[in-house]
**Student:** 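The structure that follows is given in the form of structure tokens.
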Protein chains: 2
Amino acid sequence: MNISHIELRHLRLLQALVESGGLTAAAERLHLTQSAVSHQLKALESLLGLSLLERATRPVRLTAAGKRLLQLADIVLPEVEATLRDLAKLKDGEAGELRIALECHTCYDWLMPAMDAFRAAWPHVELDLLGGFYADPISLLYDGQADIIITSDATPRKDVAFEPLFAYEILALMPNKHALTSKKYLLPKDFASEPLITYPVPQDRIDLIRRVLSPAGIKPARREAQLTVAILQLVASRRGLAALPAWAVSPYLERDYVTARPIGKHGLWAELHAGMRERDVGRSYLSDFITIVQRESFARLPGIRPAIL
Amino acid sequence: MNISHIELRHLRLLQALVESGGLTAAAERLHLTQSAVSHQLKALESLLGLSLLERATRPVRLTAAGKRLLQLADIVLPEVEATLRDLAKLKDGEAGELRIALECHTCYDWLMPAMDAFRAAWPHVELDLLGGFYADPISLLYDGQADIIITSDATPRKDVAFEPLFAYEILALMPNKHALTSKKYLLPKDFASEPLITYPVPQDRIDLIRRVLSPAGIKPARREAQLTVAILQLVASRRGLAALPAWAVSPYLERDYVTARPIGKHGLWAELHAGMRERDVGRSYLSDFITIVQRESFARLPGIRPAIL
DNA sequence: AAATAACATGAATATTTCTCATATTGAACT
DNA sequence: AGTTCAATATGAGAAATATTCATGTTATTT
């Protein structure tokens, strides 16, 4: 056969593969099973008659052929995205309004770059961030006060469509040279004896408490701080422990400001999802916002994984 | 659904559609049925929620959305081709030898640009053109004297793979203001009374004689000339009629040097095919040569159609 | 108004892609 | 080394998609 039946699917596969470092992670990211990715990769390789990556290593490493093909993907896929965006504008018009409600405190940090990217792509869409804390952010969707909510709770609701954004690890933070630094990972009881420093939100919105400490019957003293830096400062000065998303603290960890350990053997992972009204799913710039958030997040945030829904 | 499931297939479709001017022609070019093209186009349009082309007109006209998407195709598809070429070089090495045997006289004309393009893509492949006329060019493949033959006869042979190149119309040529110019198209009897000016090849290699005049029992006098210009010069000076490929004479027709008419109601069409040894099909630069010939031909030669095999 | 050519459509078929269940592999750990 | 664990591979069946076939529709030509 003369014309290679290579498709964009293959390029998206390769890109996901290198960005997520393995077949399994890539599969999640593409909303496929690991098996599908394996089959597809094998098919692509035999189509080209070339091997594209060394699977034995972690993260996977590209062969020369793989690198050349990835280079194509990096040229082509952004062009495709830009085209689809232009077509979407042609379809629905360029202008509109997009109000985002945030459930989590730390979300501001990573959302900014994504919002900048969105503004560049859709200059005529008015972007609004609903501040404050909402007991039930989904009601904002029903009320029509928000168009997109970003939440960790994606239990299906009528007329609301959820799209997984990503999963991130929550790390336990302790002062350098703290006694607990000797442990590979922390267990519930390790939190019993010291105050827990958190954002000023109710207990049940703190994953560590709701999912780890409460089930184990442990209720540490709490102390609150508004800003991420403030929490870190308190931890560093030995006022207590904290638990924060890995991507929020990674710059501090690199400078050895505090020490971090996983919570539990497999770590404590949380997921973020975007929710929108079912009937808005076709509105181009809303869907595109989510695409942009995903792209930016995976490109910028260290140590995140695809959400599994 | 967030990520549009657009694929290269769709881009190839759109490109074929505009280059060939209609669904039916595009289908032939893509080796598909008209139905498949229609379905596929419809699927693409509903995927994007936009109409891409006005079908009522001939040639089809793109909508704004169609134009934008074609722009993407024109960026992306050449990149893909270049990448596949690079991968092919990685696979088989860059160097080799490619000997081409030509059956038809006029082929030299259109083959040159394609050969130039090939040389640019594969600078280390040694390109050879076997000159002269061969009774049975396929034997050159078996002998190993040629790697690719270009022929109008694609009847299946053991161990030989044929790939259709294109179909072209053979036009009857007559002096301006000749009596026959009043006719819309010529019939066999119209050739009875004047000499036929041809290349110096046996009767049965001249399509007009073999497929039109002989069956009708008409045997005009013949006169031979080596070069296309020479034939045209003879026609223009009223020494007889000729029949040549449309693309070979189109520059002369534009300057009204001679007058052309179709042969028979539907015109006389001939096809060209490339043949190679079955076992060479995997050799990258051989297959790529055919791809390049097809691309260059469709881009440069006026009035050709996909061959139907 | 008939004939023709190009395109559309629905149902049947063919092909491709995906998933499920399970095997294999390779690294990490006693 | 043997065991365990996570990651990848594989085969077979299921699901989804693409293609064809047969035919209908539409627009254009004669």
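Protein chains get the first letters and strands the later ones, always in sequence-line order, with residue 1 at the start of each. Everything quoted here is computed from the prediction, not taken from an experiment.
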**Student:** Between A/Thr181 and A/Arg261, do the side chains contain an N or O donor and an N or O acceptor separated by less than 3.5 Å?
**Tutor:**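 Judged by distance alone, the side chains do not pair up.
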**Student:** What is the distance from NZ of A/Lys265 to P of C/dC29, rounded to the nearest Å?
**Tutor:**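 Going from NZ in A/Lys265 over to P in C/dC29 covers 10 Å.
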**Student:** May I ask you to check whether B/His273 and B/Glu271 show a side-chain donor-acceptor distance below 3.5 Å?
**Tutor:**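 Side-chain D/A pair, B/His273 to B/Glu271: present.
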**Student:** What is the distance, rounded to the nearest whole Å, between atom CG of A/Leu44 and atom C1' of C/dT16?
**Tutor:** 15 Å
**Student:** From A/His39 NE2 over to A/Thr33 OG1, what is the distance, rounded to the nearest 0.5 angstrom?
**Tutor:** 8.0 Å
**Student:** Rounded to the Å, how far apart are A/Arg55 CZ and D/dT8 P?
**Tutor:**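 A/Arg55 atom CZ is separated from D/dT8 atom P by 9 Å.
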**Student:** Can you name the nearest heavy-atom pair linking B/Phe298 to B/Leu165, along with the distance?
**Tutor:**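 Heavy atoms only, the tightest pair is CE1-O, 3.8 Å.
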**Student:** Looking at B/Lys42, does any N or O in its side chain come under 4.0 Å of the phosphate oxygens OP1/OP2 on C/dT9?
**Tutor:**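 Yes, because at least one side-chain N or O of B/Lys42 sits under 4.0 Å from OP1 or OP2 of C/dT9.
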**Student:** Between atom CD in A/Glu7 and atom P in C/dT15, what is the gap in whole Å?
**Tutor:** 18 Å
**Student:** Does OP1 or OP2 of D/dA6 have a side-chain N or O of A/Thr24 closer than 4.0 Å?
**Tutor:** no
**Student:** Kindly indicate whether the side chain of A/Arg61, heavy atoms from C-beta on, has any atom under 4.5 Å from the side chain of A/Leu53.
**Tutor:**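 A side-chain contact under 4.5 Å is absent here.
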**Student:** Without decimals, in angstroms, what is the distance between B/Leu17 CG and C/dA6 C1'?
**Tutor:** 13 Å
**Student:** Take the protein atom CZ of A/Arg12 and the nucleotide atom C1' of C/dC18, then report the distance between them rounded to whole Å.
**Tutor:**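 Whole-Å distance recorded here is 17 Å.
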**Student:** Starting at atom CG of A/Leu53, determine the distance to atom P of D/dA7, rounded to an integer number of angstrom.
**Tutor:** 16 Å
**Student:** Rounded to the nearest angstrom, tell me the gap between atom NE2 in B/His266 and atom C1' in C/dA5.
**Tutor:**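 So the two atoms are 11 Å apart, to the nearest Å.
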**Student:** Let me have a per-nucleotide readout for nucleotides 16-30 of chain D, 5' to 3', with B, S or -, counting only protein heavy atoms under 4.0 Å.
**Tutor:** --SSBB---------
**Student:** Using the six-membered ring of A/Trp269, assess whether NZ or CZ of A/Arg305 lies under 6.0 Å from its centre and within 45 degrees of the ring axis.
**Tutor:** yes
